[in-house]
Amino acid sequence: MSSIAIETSVYNLGDMEIAKRIFAMPDTLVVAIGPPTCIRILYFRALECGQLSKLKLIPISSLDYTFGDYLEKIKGVIEAALQENCYQGIILYVSCPDLLSQTDFDTMIQGLDNSRQIPVDIFKRGPLEKRKTSPSQRLDKIAARIEDFVKTRQLVLSKNEAVCELPPLAADYSGVLSLFPEDSAVCRFLMTGSGCANCPSSMDKLNHNPFIFSRFDDLQAVYGCTNEIGEAITKHFQMNHQTKEIELFISIGTPVTFMTGMNDHFLQTCDLFEVTCAIDTNGFQTAEEGVAKALLKIAKATLKKVENRKKRINIIGYNPFLFGKRQHFHEIETCLTSLGYAVNFLGYESLNSFKTAAEAELNLVFSRHGLSLAKWMAELFQIPYLFAMPIGIDGFNQWLRDVGVLLKTAIPESYYLNKEPQPCPVFRVLLLGENEILDQLEIVIPNDFGIITIRANKIADLNLQQMTITHVIADPLYQNRINSITEKFQFIPMPYPSLSGNAFIELDYQYMGQTGYAYLKRFFANKVTA
């Protein structure tokens, strides 16, 4: 077996050469199968190639893998595609977990209702397949088979009007990799065959965090190579003379390490670093869930009880996958610092700031994924917490009143928002998607503007042509999908990076406090166009 390699992440979209080749095949559908994180990257590669109409995503959950009964679901999707008469070839894009599970796609393909004998081929991708034959060689064979079929069968195809559904949300391990940006005292290690590094190295890279990751093959995964990984990490840091700089080493799990049980084995590196935390992420949960799990575990390993409090406030639950860039909190941070308090974003300041979090007078929780840490700190350190988002005029003012009560501080009247809401009852707003910011806007927009809101999670659930709405608030990934159906709505961008990664994170959008109110008012006053 080859030796384990440890590499440093490089910002790029991964293997675009293969993506360009596979999506260049005419009238061919690519059906991506695997854990949500494994197929998420393919959406953005297809988007880059301008070929989303040739992609179908089938996310497989951890329970699906446990029960092993998902082949019927895949079979149904493929047979439906065969009946559409749009394709002269279908490629099953299979990921590492199915290689480990030895999923019997061949038998399933043989049992398909495929009267026209359209080629249905399996393209096994990922580091666990590279040892056998190169991806290019395997793709060459598939392309040749489809070409031979086209030469012998002149099918009359219907127009392909398919539009790939939006990608799965960013994975839990991507969330953990966003912690402690630009702090050289923290090392983030992704335990993977290498493929799992693609998303956090590209679309889900939301800050300047570099990280290291492992590279191993199928045999090493099957036999378990935790000890070898530990030895490789030790060698890597000793060669680079970096161990003295690192105070916290975070080991982060992925689908392959979860399914092989490697997540349960401790890496033999504890003597190298001051603190080592193994985060049992598995790639089947979201980035926000990963952040919550990691912060609580790191806090339990690093926070100590203190005798005295300082004029400090912790922000808990902020993460870029929900809230975008830290600048969205500028108004909130300015308000708190002007009251004489230092503000600490737990997990997004330096590790030293995290270690002293127990000195704070108050924890402000901005997301439900910060609640577990806030409750633990309340129990152990007796630090009170407030769980609320200061969105909208009423929401901001109520949040400020509650902060004053908990701090036992009189908040000057000048801090409160006193502008009268300006009703715009002629409008109707569709909130499209599922996240906590939209949950708040569903309440805020009627309160601040007198506008009726309609909520939906998926475009497929809606008849947009028949809906009497004037505006749509959603992540910009929805915009092209909506415009392909109708352009009669004004679109208000509200990026959700857990869905769209870093594609829109730099947009000039707002949602909190006065700036959030002003952002929405611009659209409802018809002073700008989306």
Side-chain angles (χ1 to χ4, degrees), residues 1-10 14 34-35 37-38 62 95-97 99-101 125-132 171-177 179-180 184-201 209-285 290 293-294 297-298 301:
M1 290 189 290
S2 61
S3 60
I4 304 291
I6 303 296
E7 300 185 11
T8 302
S9 62
V10 177
T37 182
C38 297
S62 58
S95 55
C96 295
L99 303 182
L100 288 172
S101 304
R125 278 291 285 135
L128 301 195
E129 188 68 17
K130 282 185 177 179
R131 182 182 60 82
K132 303 171 186 177
D172 48 8
Y173 61 77
S174 290
V176 181
L177 289 168
L179 294 173
F180 302 104
S184 59
V186 180
C187 177
R188 292 149 294 270
F189 168 64
L190 190 65
M191 192 158 56
T192 170
S194 74
C196 296
N198 284 326
C199 267
S201 293
N209 269 356
F211 62 91
I212 62 172
F213 63 93
S214 57
R215 184 181 290 276
F216 52 79
D217 61 29
D218 56 330
L219 292 179
Q220 290 163 326
V222 171
Y223 285 107
C225 54
T226 314
N227 288 338
E228 290 85 349
I229 290 174
E231 293 170 0
I233 291 170
T234 300
K235 182 179 178 181
H236 172 84
F237 282 104
Q238 288 176 341
M239 288 178 60
N240 292 281
H241 306 289
Q242 291 178 313
T243 52
K244 292 182 180 180
E245 302 172 8
I246 296 170
E247 299 177 38
L248 173 63
F249 181 86
I250 307 175
S251 173
I252 305 163
T254 55
V256 169
T257 61
F258 167 69
M259 295 179 71
T260 57
M262 292 167 64
N263 282 10
D264 299 326
H265 293 273
F266 188 74
L267 292 174
Q268 302 302 311
T269 58
C270 57
D271 56 334
L272 291 178
F273 312 107
E274 182 178 322
V275 178
T276 298
C277 278
I279 313 299
D280 59 342
T281 45
N282 57 30
F284 292 95
Q285 296 177 301
K293 182 181 294 186
K297 188 158 190 178
I298 296 169

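The first residue in the sequence is number 1, and the count goes up from there.
- When all heavy atoms of Ile279 and Ala294 are compared, the pair lying nearest together is CD1-CA, 3.9 Å.
- Expressed to the nearest 0.5 Å, how far CD1 of Ile250 lies from CG of Leu190 amounts to 11.5 Å.
- Using a 4.5 Å cut-off on side-chain heavy atoms (C-beta onward), Ile229 and Phe189 make contact.
- Scanning for side-chain hydrogen bond (donor to acceptor under 3.5 Å, both in side chains) contacts around Ser174 gives an empty result, with sequence neighbours left out.
- With Lys297 contributing its side chain and Ala278 its backbone, the two residues share a donor-acceptor pair below 3.5 Å.
- Residues Cys187 and Ile212 have side chains in contact (heavy-atom distance under 4.5 Å, counting atoms from C-beta outward).
- The closest donor-acceptor contact from the side chain of Thr260 to the backbone of Val256 lies under 3.5 Å.
- Taken from CZ in Phe284 to OG1 in Thr254, the straight-line distance is 10.0 Å, to the nearest 0.5 Å.
- Evaluation of the side-chain hydrogen bond (donor to acceptor under 3.5 Å, both in side chains) rule for Lys293 yields Gln285 as partners, not counting sequence neighbours.
- Take Phe213 and apply the ring-ring contact (aromatic ring centres under 6.0 Å, His included) test, not counting sequence neighbours, and it matches no residue.
- The side-chain heavy atoms of Val186 and Ile246, taken from C-beta on, include no pair separated by under 4.5 Å.
- Taking each heavy atom of Phe180 and Arg188 in turn, the nearest pair found is O-NH1, 3.3 Å.
- Formation of a donor-acceptor pair under 3.5 Å by the Arg215 side chain with backbone atoms of Gly195 is not found in this model.
- Here the CG-CZ distance, from Asp280 to Phe258, works out to 9.0 Å after rounding to the nearest 0.5 Å.
- Across Asn282, Thr192, Thr37, a single residue satisfies side chain to side chain donor-acceptor pair (under 3.5 Å) together with Tyr173, and that is Thr37.
- With values rounded to the nearest 0.5 angstrom, Phe249 atom CZ is found 14.5 Å from Glu274 atom CD.
- Glu7 CD to Ser201 OG: the interatomic distance, rounded to the nearest 0.5 Å, is 10.0 Å.
- Between atom NZ of residue Lys235 and atom CD1 of residue Ile4 there is a gap of 12.0 Å, rounded to the nearest 0.5 Å.
- Side-chain atoms of Met259 and Ser101, non-hydrogen and from C-beta on, do get closer than 4.5 Å to each other.
- With hydrogens and angles disregarded, a donor-acceptor distance shorter than 3.5 Å links the side chain of Thr281 to the backbone of Gly253.
- Residues Met191 and Ile252 fail the side-chain proximity criterion, which asks for heavy atoms closer than 4.5 Å.
- Looking at Ser9, its side chain never comes within 3.5 Å of a backbone N or O of Pro210 through a donor-acceptor pair.
- For Ser95, the side-chain contact (heavy atoms from CB on, under 4.5 Å) partners are Pro35, Cys38, Tyr65, Pro97, Asp98, not counting sequence neighbours.
- With contacts defined as side-chain heavy-atom distances shorter than 4.5 Å, the pair Glu228/Phe216 does not qualify.
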